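Quick notes on the structure that follows.
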Amino acid sequence: MRVILAPMEGVADAPMRALLTSVGGYDLVVSEFIRVVDQLLPEKVFFRLCAELKYQCHTPTGTPVRLQLLGQHPNWMAENALRAIELGSHGVDINYGCPAPMVNRSNGGAALLKEPETIYQVTKAVREAVPQNKPVSAKIRLGWDDKSRCIEIAQAIESAGATELTVHARTKEEAYRPPAHWQYISKIKQHTKLPIIANGEVWSREDYLKCQQASGCDDVMLGRGALTVPNLAHVVRGQQQAMSWPEVKALLVHYSDFEIVSEKQKYYPARIKQWLRFISRHYPEAEQLFLQVRVLKDTDQILSLLQES
Ligand SMILES: Cc1cc2nc3c(=O)[nH]c(=O)nc-3n(C[C@H](O)[C@H](O)[C@H](O)COP(=O)(O)O)c2cc1C
């Protein structure tokens, strides 16, 4: 069984990836997406979205990071994929699931689920550009507004030569609304030989076991649940119970130490509030803390509140 930390743009940035992988249990991390339109992006864009490239593309505790690209033009995707590899990424992941209207309007992300032929062309071009010993993976949803083409989409990715596929078991239309339709992953599995990673609505060991049963997949990618229960990777493996609140609070302080010295320190107040909202889903104490932190804008005030409470 492999446990992979999901790409989460604007949330799972390098400091968060460092923190969650330091808690442990992850085999791989996928970076936030880099948007490819019509050029070979400068190296600084890669380093901005994937700071781990400076460290052989591992988090500080040694978990490999795979860079994710999002785009619809096969040639530009191929060129940028090669650059990602040259900069040290452990393979390339292609995003065919992003529901952001701005991205979809220009035919990127989940919009491509309506065009399996383009998915094939993009994946094939990336596969041909990336050395064979480096994985090229893709991440899809089940479709745009219905699930009827999910097998066709997966087969397009398989015949383009991808190494593996993550399936977020919802359509774009279903956004993030529960449930995740894990049984469709099983249908995909029956019609392709690709290794499949299941994704969507895994918040606990029980969810993992249900997902495994319905999808037939042992490998799982954890998204929002990983932010909510910071040791979820160990929890789904059946190795630990969810962390206690004092342990989570110590992590919040530790995360603050990371963030306020990072290049993104000006975002710290917004980031910590955002994370507290995720944590509140499992820990009622975080809700109280969120209400207190919500009105604060100053980093030092927030930090002392976290340390005191
Ligand atoms: C804030 C946020 C940002 C996300 N950014 C990305 C992204 O950059 N690339 C991607 O493939 N998926 C992205 N996703 C989707 C997640 O990787 C994952 O597929 C989704 O959250 C479902 O898993 P979950 O139910 O475990 O959260 C994002 C999700 C969230 C909530």
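For the single chain, residues carry numbers from 1 onward in sequence order. Quantities reported herein were computed from a predicted structural model and do not represent experimental measurements.
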Exercise. Is it the case that one hydrophobic cluster holds both Val11 and Tyr176, taking links as side-chain heavy atoms less than 4.5 Å apart, direct or via other members?
Worked result: no

Seminar exercise, completed: Nearest heavy-atom contact between Pro135 and Arg66 is CG-NH2, 3.5 Å

Seminar exercise, completed: Between Arg141 and Arg170, the two heavy atoms sitting closest are CB-O, 2.9 Å

Exercise. Would Val136 end up clustered with Ile197 when hydrophobic side chains under 4.5 Å apart are linked, directly or stepwise?
Worked result: no

Problem set entry | Transitive ILVMFWY side-chain link Val229 to Val3, under 4.5 Å | yes

Exercise. Any donor and acceptor pair, going by atom type alone, linking the side chain of His234 with main-chain N or O of Val23 inside 3.5 Å?
Worked result: yes

Exercise. Hey, are the side chains of Pro230 and Leu19 touching, using non-hydrogen atoms and a 4.5 Å cut-off?
Worked result: no

Exercise. Would you say Leu49 and Tyr55 are hydrophobically clustered, going by side-chain heavy atoms of ILVMFWY under 4.5 Å?
Worked result: no

Exercise. Heavy-atom distance under 4.5 Å between the side chains of Met1 and Val236, does that happen here?
Worked result: yes

Exercise. Any donor-acceptor pair under 3.5 Å linking the side chain of Thr228 with the backbone of Phe278?
Worked result: yes

Problem set entry | Separation between CE of Met243 and OH of Tyr283, rounded to the nearest 0.5 Å | 7.0 Å

For this session: Hey, could you give me each pair passing salt bridge (Lys or Arg N to Asp or Glu O under 4.0 Å) that has a residue in residues 224-238? Not counting sequence neighbours.
Result: Asp27-Arg237, Glu201-Arg224

Exercise. How about Asp218 and Gln212: do any of their side-chain heavy atoms sit closer than 4.5 Å?
Worked result: yes

For this session: State, with a plain yes or no, whether a side-chain heavy atom of Leu82 is found less than 4.5 Å away from one of Leu40.
Result: no

Problem set entry | Side-chain heavy-atom pair Ser256, Leu306 within 4.5 angstrom cut-off | yes

Problem set entry | Reported CD1-to-CG distance for the pair Ile4 and Asp93, which is rounded to 0.5 angstrom | 9.0 Å

For this session: Mind checking the CG-SG spacing from Leu142 to Cys150? Nearest 0.5 Å is all I need.
Result: 5.5 Å

For this session: Examine the side chains of Tyr96 and Thr123 and answer whether a donor and an acceptor come within less than 3.5 Å of each other.
Result: yes

Exercise. Can Arg127 and Thr163 be said to form a side chain to side chain contact (heavy atoms under 4.5 Å, CB included), step by step?
Worked result: CA-CA 9 Å; Arg127 178 66 280 177; Thr163 323; 3.3 Å; yes

For this session: Show your working on side chain to side chain contact (heavy atoms under 4.5 Å, CB included) between Arg35 and Glu9 and close with a plain yes or no.
Result: CA-CA 11 Å; Arg35 176 79 173 110; Glu9 193 235 342; over 6 Å; no

Exercise. Are the side chains of Asp145 and Thr171 in touch, meaning some heavy atoms are under 4.5 Å apart?
Worked result: no

Exercise. Distance-only, no hydrogens or angles: does the Glu32 side chain make a donor-acceptor pair with backbone N or O of Gly10 under 3.5 Å?
Worked result: yes

Exercise. Backbone N or O of Ala169 within a donor-acceptor pair of the Trp182 side chain at under 3.5 Å?
Worked result: no

Exercise. Considering residues, nucleotides and ligands other than Glu247, do more than 12 of their heavy atoms fall under 6.0 Å from its CD?
Worked result: yes

Problem set entry | Least distance between heavy atoms, Trp203 atom then Leu232 atom | O-CD1, 3.4 Å

For this session: Give a yes or no on whether Gln39 atom CD has more than 12 heavy-atom contacts from other residues, nucleotides or ligands under 6.0 Å away.
Result: yes

Exercise. Between the main-chain N or O of Gln56 and the side-chain N or O of His90, is there a donor-acceptor pair closer than 3.5 Å?
Worked result: yes

For this session: Verify the neighbour count for atom NZ of Lys210: are there more than 12 heavy atoms of other residues, nucleotides or ligands below 6.0 Å?
Result: no

Exercise. Sequence neighbours excluded, which residues qualify as side chain to side chain contact (heavy atoms under 4.5 Å, CB included) partners of Ser186?
Worked result: Gln190

Exercise. Ignoring hydrogens and geometry, is there a side-chain-to-backbone donor-acceptor pair from Asn104 to Gly108 under 3.5 Å?
Worked result: yes

Exercise. Can Lys187 be said to sit on top of Tyr184's aromatic six-ring, NZ or CZ under 6.0 Å from centre and within 45° of the ring axis?
Worked result: yes

For this session: Assess whether side chain to side chain contact (heavy atoms under 4.5 Å, CB included) is satisfied between Val92 and Leu69, documenting all intermediate values.
Result: CA-CA 7 Å; Val92 172; Leu69 299 179; 4.0 Å; yes

For this session: List the atom of Tyr26, the atom of Ala226, and the distance in Å for their closest heavy-atom pair.
Result: OH-CB, 3.2 Å

Problem set entry | Heavy-atom closest contact (Ala51 atom, Ala14 atom, distance) | CB-CB, 3.9 Å

Exercise. Is the backbone N or O of Leu67 less than 3.5 Å from a side-chain atom of Ser89, with the two atoms forming a donor-acceptor pair by type?
Worked result: yes

For this session: Answer yes or no: is there a donor N or O on one side and an acceptor on the other, between the side chain of Arg83 and the main chain of Leu41, under 3.5 Å?
Result: yes

For this session: Count the heavy atoms of every other residue, nucleotide or ligand shown that sit under 6.0 Å from NZ of Lys124, and state whether that count exceeds 12.
Result: no

Exercise. Is there a path from Phe33 to Ile157 through hydrophobic residues (I, L, V, M, F, W, Y) whose side chains come within less than 4.5 Å of each other?
Worked result: no

Problem set entry | More than 12 heavy atoms of other groups within 6.0 Å of Arg277 CZ | no

Problem set entry | Under 3.5 Å donor-acceptor, Asp219 side chain and Ile196 backbone | no

Exercise. Rounded to the nearest 0.5 Å, how far does CG of Asp298 lie from CG of Leu303?
Worked result: 10.0 Å

Problem set entry | 4.5 Å side-chain heavy-atom contact, Pro60 and Ser22 | no

For this session: To the nearest 0.5 angstrom, please state how far the CG atom of Leu194 sits from the OG1 atom of Thr166.
Result: 10.5 Å

Side-chain polar contacts of residues 110-120 - donor-acceptor pairs under 3.5 angstrom, sequence neighbours left out - could you list them?
| unit_1 | atom_1 | unit_2 | atom_2 | d |
| --- | --- | --- | --- | --- |
| Glu115 | OE1 | Thr118 | OG1 | 2.5 |
| Glu115 | OE2 | Asn107 | ND2 | 3.3 |
| Glu117 | OE2 | Gln121 | NE2 | 2.7 |

Exercise. About how many Å separate CE of Met221 and CG of Leu28, when rounded to the nearest 0.5 Å?
Worked result: 7.0 Å

For this session: Assign the ring pair Tyr255 / Tyr268 to parallel, tilted or perpendicular, where the plane angle (0 to 90°) is split at 30° and 60°.
Result: tilted

Problem set entry | CA sep, side-chain torsions, deciding dist, call: Trp76, Val122, side chain to side chain contact (heavy atoms under 4.5 Å, CB included) | CA-CA 9 Å; Trp76 291 122; Val122 170; over 6 Å; no

Exercise. Can you find a heavy atom in the side chain of His58 that is under 4.5 Å from one in the side chain of Pro64?
Worked result: yes

For this session: Could you pull out the closest heavy-atom pair between Ala198 and Cys211, with the gap in Å?
Result: CB-SG, 3.7 Å

